[in-house]
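Everything numeric here is computed off the predicted structure, so don't read it as measured data.
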Amino acid sequence: MDGRDLVRSVRMVGSVRGMRTVRSAWRRRRADARTVAARGAERARVPGLLAGAEPGPGGGVVRFARSELLVRVAVGGAVFWSWDAASPSPSYALPGAVPEPDERARLEPHANGGWQVVSERLTVVVSRRGAVELRTPGGVVLRREEPPRWWETEDGVGGRWVQRSEVPADARFFGLGGRAGGPRLREGTYGLRNTGPGGAFGPGDDPLRPTMPVQMVVSDAGTHLVFHDNSWAGRVTLREGEEGAGSGHDRPGSCEVRMEGGPVRGWMVAGTPARVLSTWAALTGAPALPPSWALGPQHARCGSDGEREVRRIVHGYRERDLPLSVLHLDIGCPDADGAFAAGLERFPDLPRLAEDLLEEGVRLVPSVVPPAGASAQDAACRSGLELDGRGVFVQGRRVLGEVWTGERPFLLSRSGWAGMQRYGGSRPADVATGWPGIRASLSQVLGLGLCGVPYSGSDVGGDEGSPSPELYLRWFQLGAWMPLFRTRSGDGAARREPWEFGPEVLAHAGRAMRERERLHPYFVTLTHLARLTGAPYVRPVWWGASGDRELRDCEDAFLLGDALLVAPVLEEGAVRRAVPLPAGRWYDTVTERAYEGPGRVVLDAPPAGIPVLARAGAVIPVRGPDGGLELEAWAPVPGRTGGGSVVRDSEDGREVAEVERYTSRSLSGRVVVEREGEEARVPCPVRVRGLPASGQR
């Protein structure tokens with residue numbers, strides 16, 4: 001916490017958010033004081049004046065008096081930039097070889113006395129003092145990066161650095177990992193270190209896991225993503241801009257990135273949100289496919305009651321006819337040194353337990369915590385200290401172990417960094433139980449999706465304590481539309497299975513679970529589309545209309561794929577809520593009443609369910625009454641067409657998915673659904689909604 005952080009915290013000290021911010025900042029300060037060595041004498045350095053340039057593949061090198069800048073456009077449109085000859089590899093974020101340069105992009109002189117690299121999707125302009133501008137092909141500035149400043153030690157080794165930038169006055173910041181205070185990131189300082197908050201957190205806290213220096217910035221000029229490829233500890237300070245009224249001048253938004261060391265390098269991508277994340281996924285790796293069963297309802301048991309309690313929970317779901325796909329053995333089940341407690345009395349025959357649950361259609365997933373204790377008595381710690389007096393635990397050559405399974409693995413991590421989507425999903429933990437917590441959980445999922453991590457979710461009801469029946473139900477109804485849908489309970493009074501909150505909550509929760517199961521084929525399709533395109537399942541409502549300013553400011557609703565708009569209830573006592581609509585016709589999925597966007601409508605949100613709307617023309621795969629695949633087509637606007645994609649799951653195997661594409665159109669008052677490229681009839685039943693039954697085909 002520096003002086004500016006303290007001032008911001010004091011301004012908010014009268015609020016709960018302010019107190020949480022102060023506590024969180026001081027906890028980090030104490031941790032840093034214990035583990036980070038004090039800085040010695042330092043000297044400042046800036047690039048200086050332009051000295052020359054050397055064209056190269058995809059761009060070139062621009063030299064300054066005291067530094068040099070590399071700009072290179074890669075095949076696919078991503079731009080790599082770095083100072084002081086930093087290479088794009090090695091990098092934790094990139095899965096393998098660095099993308100090849102785009103030979104069509106050239107470094108050439110610019111009218112302002114600097115240099116520029118022109119590519120198909122954007123132009124990078126470098127000024128005489130080292131400022132870097134990201135521009136659209138039409139010349140509109142999306143971002144201006146000021147020259148970096150380094151503070152180096154006297155011997156010239158290492159050096160912390162800062163880089164400031166400006167964005168348009170109307171721009172909105174998103175991303176930086178799973179942030180509780182998002183998804184739109186307002187003025188404030190956001191830490192870049194994967195640590196816990198020291199307790200349950202809400203929107204005013206900075207949980208810092210998972211965190212990543214990935215910003216998505218949306219403005220009228222366009223959308224761009226910036227990734228500072230540096231895994232050192234640091235922080236990002238953001239300030240939204242202001243547009244001048246009348247003859248007043250605009251104040252641009254600003255971003256300041258400070259790192260404690262490491263290279264000054266990164267990647268920039270521009271385009272539509274869909275194109276930006278597609279390019280980002282191509283750069284950092286396609287998201288891993290979760291198994292089909294991981295898209296069903298899940299429950300985590302936190303505590304040490306053992307096998308009997310596990311069987312009680314599963315029996316509770318089954319006797320109430322509630323679907324359950326996964327049961328997690330969560331914190332409290334591993335033993336002290338992180339290995340799963342399979343040999344303890346609590347689980348006398350773990351393999352048999354797993355087999356019994358599998359026969360009931362429930363997968364058993366253990367939580368494994370593999371830390372090395374910071375003690376000379378710990379074998380791993382002792383061996384690390386013996387290898388290197390500075391406490392380096394891994395040295396020497398890299399060893400790769402390759403394992404092939406018959407089915408897709410399931411991996412969740414509470415921590416991670418850019419590129420973590422290649423290995424699995426994220427379960428941001430420690431969300432405070434309360435109405436602010438439910439907002440924080442939605443913010444995290446949206447933020448992670450915009451950083452390229454599509455599969456995530458938080459525990460229904462929060463991390464600890466006993467939520468009210470109303471809060472639990474509203475959180476449950478939100479969770480049913482998240483990629484990871486998981487409830488969680490603890491010991492004794494902390495039991496939080498759906499039936500613990502009374503018959504009314506149980507009835508409404510059961511309805512939400514059954515709707516989730518009905519839409520299972522749609523979630524399966526979204527997982528495959530995320531792997532193919534990088535698009536998250538859960539998307540901000542501005543996803544297809546980033547130029548709509550009202551949608552850019554919406555933080556309490558989201559799109560599930562292209563077809564559905566979900567408006568959860570995030571306030572106590574609310575039974576109606578305003579819903580923002582992107583352009584086009586939208587149908588209430590309960591009443592089938594049509595609404596026209598863009599605009600806002602006020603819809604009923606009774607305890608029985610939250611507002612969910614379907615886009616006109618959408619074709620959605622669902623489970624029919626017999627468990628087979630059906631298509632649900634929402635009537636398109638006359639004179640317009642619609643459609644959707646279907647991916648049939650391959651029994652959790654690794655085969656390449658086949659994407660079936662369907663179109664819908666109105667024809668003489670009837671709705672016709674056809675498969676692209678096929679003249680034969682659609683190979684599954686089709687149910688049209690939004691029209692009388694006679695208008696179906």
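M212 CE to L176 CG: the interatomic distance, rounded to the nearest 0.5 Å, is 9.5 Å. With rounding to the nearest 0.5 angstrom, the CG atom of L526 is 9.0 Å from the CG atom of L295. Atom-to-atom distance recorded for F173:CZ and L185:CG is 8.5 Å, nearest 0.5 angstrom. Distance OG/S468 to CZ/R474: 11.0 Å, rounded to 0.5 Å. Between the CD atom of E256 and the CZ atom of R164 there is a distance of 4.5 Å, given to the nearest 0.5 Å. In this structure, D170 CG and D220 CG are separated by 4.0 Å, a value rounded to the nearest 0.5 Å.
The two residues H228 and W161 make their nearest non-hydrogen contact at CD2-CH2, 4.2 Å. Residue P540 comes nearest to L446 through the heavy atom pair N-CD2, 3.6 Å, listed as atom of the first residue, atom of the second, then distance. Closest of all the heavy-atom pairs between N230 and P263 is ND2-O, 2.9 Å. The shortest non-hydrogen separation linking T136 to A221 is CG2-O, 3.8 Å. The shortest non-hydrogen separation linking W475 to T433 is CZ3-CA, 4.4 Å. Across all non-hydrogen atoms, the minimal contact from L442 to L570 is CD2-CD1, 4.2 Å.
Distance alone, capped at 3.5 Å, places no donor-acceptor pair between the D250 side chain and the G241 backbone. Looking only at distances, a side-chain donor or acceptor of E470 sits under 3.5 Å from a matching main-chain atom of G573. Side-chain atoms of S443 come within 3.5 Å of backbone N or O of G182 as a donor-acceptor pair. Judged purely by atom type and a 3.5 angstrom limit, S413 has no side-chain atom pairing as donor or acceptor with the backbone of G416. Although no hydrogens or angles enter the test, the distance criterion places a donor-acceptor pair under 3.5 Å between the side chain of S87 and the main chain of S89. Side-chain atoms of R144 never come within 3.5 Å of backbone atoms of V141 as a donor-acceptor pair (strictly under, hydrogens ignored). Between the side chain of D459 and the backbone N or O of G462, no donor-acceptor pair lies under 3.5 Å. R422 places a side-chain N or O within 3.5 Å of a backbone atom of A93 that can act as its donor or acceptor partner. At least one donor-acceptor pair under 3.5 Å links the side chain of R552 to the backbone N or O of S546. Side-chain N or O atoms of R516 include one that pairs as donor or acceptor with a backbone N or O of A480 at under 3.5 Å.
Ion pair R184/E240 flagged as a salt bridge, since at least one NZ, NE, NH1 or NH2 atom sits closer than 4.0 Å to an Asp/Glu carboxylate oxygen. Residues E166 and R239 are not paired through a salt bridge, judged by the lack of any N-O separation under 4.0 Å between the basic side chain and the carboxylate. Look at R615 and D562 and you find no salt bridge, because none of the NZ, NE, NH1 or NH2 atoms lies under 4.0 Å from a carboxylate O.
Of the listed residues (L225, V269, T284), just one forms a side chain to side chain contact (heavy atoms under 4.5 Å, CB included) with T279, and that residue is V269. Exactly one of R193, R258, E260, R160 qualifies for a side chain to side chain contact (heavy atoms under 4.5 Å, CB included) with W232. That residue is E260.
Two residues are said to be in side-chain contact when any heavy atoms from C-beta on lie closer than 4.5 Å; R143 and P168 fail this criterion. R488 is not listed as a side-chain neighbour of V460, based on a closest heavy-atom distance of 4.5 Å or more. Under the 4.5 Å side-chain criterion, counting only non-hydrogen atoms from C-beta, V538 is in contact with P483. Residues V125 and R135 have side chains in contact (heavy-atom distance under 4.5 Å, counting atoms from C-beta outward). In this structure, H224 and Q215 have side chains that are not in contact, with every pair of non-hydrogen atoms separated by 4.5 Å or more. Using a 4.5 Å cut-off on side-chain heavy atoms (C-beta onward), L134 and L122 make contact. With a 4.5 Å cut-off on side-chain heavy atoms, W417 and P210 do not count as touching. In this structure the side chain of Y455 never reaches within 4.5 angstrom of the side chain of T527, judged on heavy atoms.
For the residue pair T211 and R179, a side-chain donor N or O sits within less than 3.5 Å of a side-chain acceptor on the partner. Of the N and O atoms on the side chains of R427 and Q444, not one donor lies less than 3.5 Å from an acceptor on the other residue. Residues D84 and S67 bring a donor and an acceptor atom of their side chains to less than 3.5 Å of each other. Donor-acceptor pairing under 3.5 Å is lacking for the side chains of T189 and R235.
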Given side chain to side chain donor-acceptor pair (under 3.5 Å), test D229 with S91 step by step and report yes or no. CA-CA 7 Å; D229 194 353; S91 168; 2.7 Å; yes

Decide yes or no on salt bridge (Lys or Arg N to Asp or Glu O under 4.0 Å) for R600 and E550, but give the supporting numbers first. CA-CA 10 Å; R600 297 176 74 85; E550 183 175 359; 3.3 Å; yes

Using the rule given for side-chain contact (heavy atoms from CB on, under 4.5 Å), can you reason through V217 versus R172, listing the C-alpha separation, both sets of side-chain angles and the distance that settles it, and then say yes or no? CA-CA 6 Å; V217 185; R172 298 290 182 259; over 6 Å; no

Stepwise side-chain contact (heavy atoms from CB on, under 4.5 Å) check, L69 with V126: CA-CA 9 Å; L69 170 67; V126 182; 3.8 Å; yes

Verdict with supporting geometry, L613 and Y595, side-chain contact (heavy atoms from CB on, under 4.5 Å): CA-CA 9 Å; L613 297 100; Y595 299 91; 4.1 Å; yes

Walk me through it: do Q163 and E145 pass the test side-chain contact (heavy atoms from CB on, under 4.5 Å)? CA-CA 7 Å; Q163 187 164 40; E145 298 276 358; 3.5 Å; yes

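For residues 265-289, the ring pair (Phe, Tyr, Trp, His ring centres under 6.0 Å) pairs, not counting sequence neighbours, are F80-W267, F227-W280. The stretch residues 525-560 participates, sequence neighbours left out, in these ring pair (Phe, Tyr, Trp, His ring centres under 6.0 Å) pairs: F174-W542.
The local environment of CZ in R45 is crowded, with over 12 non-hydrogen atoms from other residues, nucleotides or ligands closer than 6.0 Å.
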Can you give the donor-acceptor pairs under 3.5 Å from side chains of residues 576-583 to other protein atoms, not counting sequence neighbours?
from	atom 1	to	atom 2	distance (Å)
R576	NH1	D604	OD1	2.4
R577	NH1	D556	O	2.8
R577	NH1	P568	O	2.7
R577	NH2	D556	OD1	3.2
R577	NH2	D556	OD2	3.3

